[in-house]
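First comes the structure, then the notes that go with it.
Remember, predicted model here, so these are calculated numbers, not experimental data. Letters go in sequence order (proteins before strands), and every chain restarts at 1.
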Amino acid sequence: DAKTTQPPSMDCAEGRAANLPCNHSTISGNEYVYWYRQIHSQGPQYIIHGLKNNETNEMASLIITEDRKSSTLILPHATLRDTAVYYCIVRAGFSGSARQLTFGSGTQLTVLP
Amino acid sequence: NAGVTQTPKFRILKIGQSMTLQCTQDMNHNYMYWYRQDPGMGLKLIYYSVGAGITDKGEVPNGYNVSRSTTEDFPLRLELAAPSQTSVYFCASSPGQGKIHEQYFGPGTRLTVT
């Protein structure tokens with residue numbers, strides 16, 4: 001699976017958009033980009049995933065560059081409850097035996113009042 | 001939907017004791033997983049299941065057992081608890097069929113072995 005690189009921490013003002021970057025320069029053609037977050041002491045939460053097109057759901061938007069070597073997760077109006085560690089994970093969509101999600105160190109997003 | 005539920009939320013075990021961590025999901029997901037997360041560390045897969053009656057080992061299966069008799073339930077059994085099993089245990093499920101990595105997690109069970 002492709003390695004991902006994320007900044008260790010970011011701050012964002014409440015009400016503003018939070019843009020979390022992720023580099024995955026070795027991504028393969030069949031690998032998806034997944035985003036999860038983990039709020040302190042809670043289970044990880046699935047946010048969104050995409051292959052090559054931009055995706056949007058009720059939680060966030062995912063922008064993937066045309067060459068697929070990087071992506072950005074956008075929380076359009078960050079709230080204090082969005083403070084969490086955000087993980088960018090690259091996995092093949094039809095992984096035969098490796099069902100495990102591998103969470104790296106992620107980005108600690110702190111939303112400031 | 002309640003999603004993925006886990007019981008108990010907290011438990012303290014003595015060395016050598018046994019216990020079962022319960023996990024139930026009401027989303028009719030085929031795939032279920034057990035992870036452990038040690039303090040300040042990432043998640044490690046213990047066991048997973050792709051459907052009722054089918055289970056397989058993950059990265060760290062030693063000291064644990066699982067069963068999957070129904071689609072909804074995926075209990076994790078700890079036999080002869082050891083201090084190294086002190087951790088937070090998360091159960092997760094996913095729809096499978098191309099959505100293997102779209103996993104939904106329970107709130108976790110915090111286990112201390114002393």
Side-chain angles (χ1 to χ4, degrees), chain A residues 1-6 8-9 22 24 27-52 55-60 62 71 73 84-108, chain B residues 2-7 9-10 21 23 25 27 29-51 54-61 66 68 74 87-110:
Chain A
D1 298 309
K3 179 180 168 58
T4 61
T5 303
Q6 300 178 253
S9 64
C22 180
H24 31 78
I27 192 169
S28 300
N30 67 339
E31 289 183 314
Y32 289 71
V33 180
Y34 290 81
W35 283 85
Y36 281 78
R37 71 181 183 184
Q38 188 170 23
I39 297 170
H40 183 62
S41 298
Q42 297 183 21
Q45 180 184 21
Y46 165 80
I47 301 173
I48 198 167
H49 75 277
L51 182 63
K52 53 183 178 182
E55 302 287 345
T56 295
N57 63 20
E58 65 277 6
M59 288 184 66
L62 174 60
S71 61
L73 178 74
V85 180
Y86 287 77
Y87 298 96
C88 169
I89 302 168
V90 172
R91 298 292 283 180
F94 298 91
S95 183
S97 60
R99 267 72 173 187
Q100 179 169 339
L101 283 174
T102 303
F103 290 75
S105 52
T107 296
Q108 171 66 59
Chain B
V4 179
T5 58
Q6 293 182 239
T7 57
K9 287 185 171 55
F10 304 91
L21 282 67
C23 175
Q25 54 93 8
M27 296 176 282
H29 286 171
N30 289 323
Y31 288 56
M32 295 187 75
Y33 315 79
W34 274 106
Y35 291 88
R36 59 176 286 173
Q37 185 173 33
D38 298 335
M41 305 296 285
L43 277 74
K44 293 187 177 181
L45 184 66
I46 305 171
Y47 270 96
Y48 66 94
S49 169
V50 302
I54 306 169
T55 63
D56 208 346
K57 296 178 181 179
E59 182 183 2
V60 290
V66 293
R68 185 96 182 271
F74 190 40
S87 191
V88 181
Y89 291 84
F90 292 105
C91 179
S93 71
S94 69
Q97 295 182 336
K99 294 187 175 184
I100 292 171
H101 303 302
E102 185 180 322
Q103 297 185 12
Y104 297 87
F105 286 77
T109 294
R110 283 150 185 79

Shortest non-hydrogen separation from A/Gln42 to B/Phe90 and the atoms involved = O-CZ, 3.7 Å

Those residues at least two apart in sequence (or on a different chain) that pass ring pair (Phe, Tyr, Trp, His ring centres under 6.0 Å) with A/Tyr36 are A/Tyr46, A/Phe103

When the 4.5 angstrom heavy-atom criterion is applied to B/Glu59 and chain A, the contacting part is both

Heavy-atom neighbours of B/Met27 CE exceed 12 at 6.0 Å = yes

Are side-chain heavy atoms of A/Pro44 and B/Gln103 found at a separation under 4.5 Å?
-> no

Side chain, backbone, both or neither: which part of A/Ser105 has an atom under 4.5 Å from a heavy atom of chain B?
-> neither

CD1 of A/Ile47 to CD of B/Glu102: how many Å apart, nearest 0.5 Å?
-> 12.0 Å

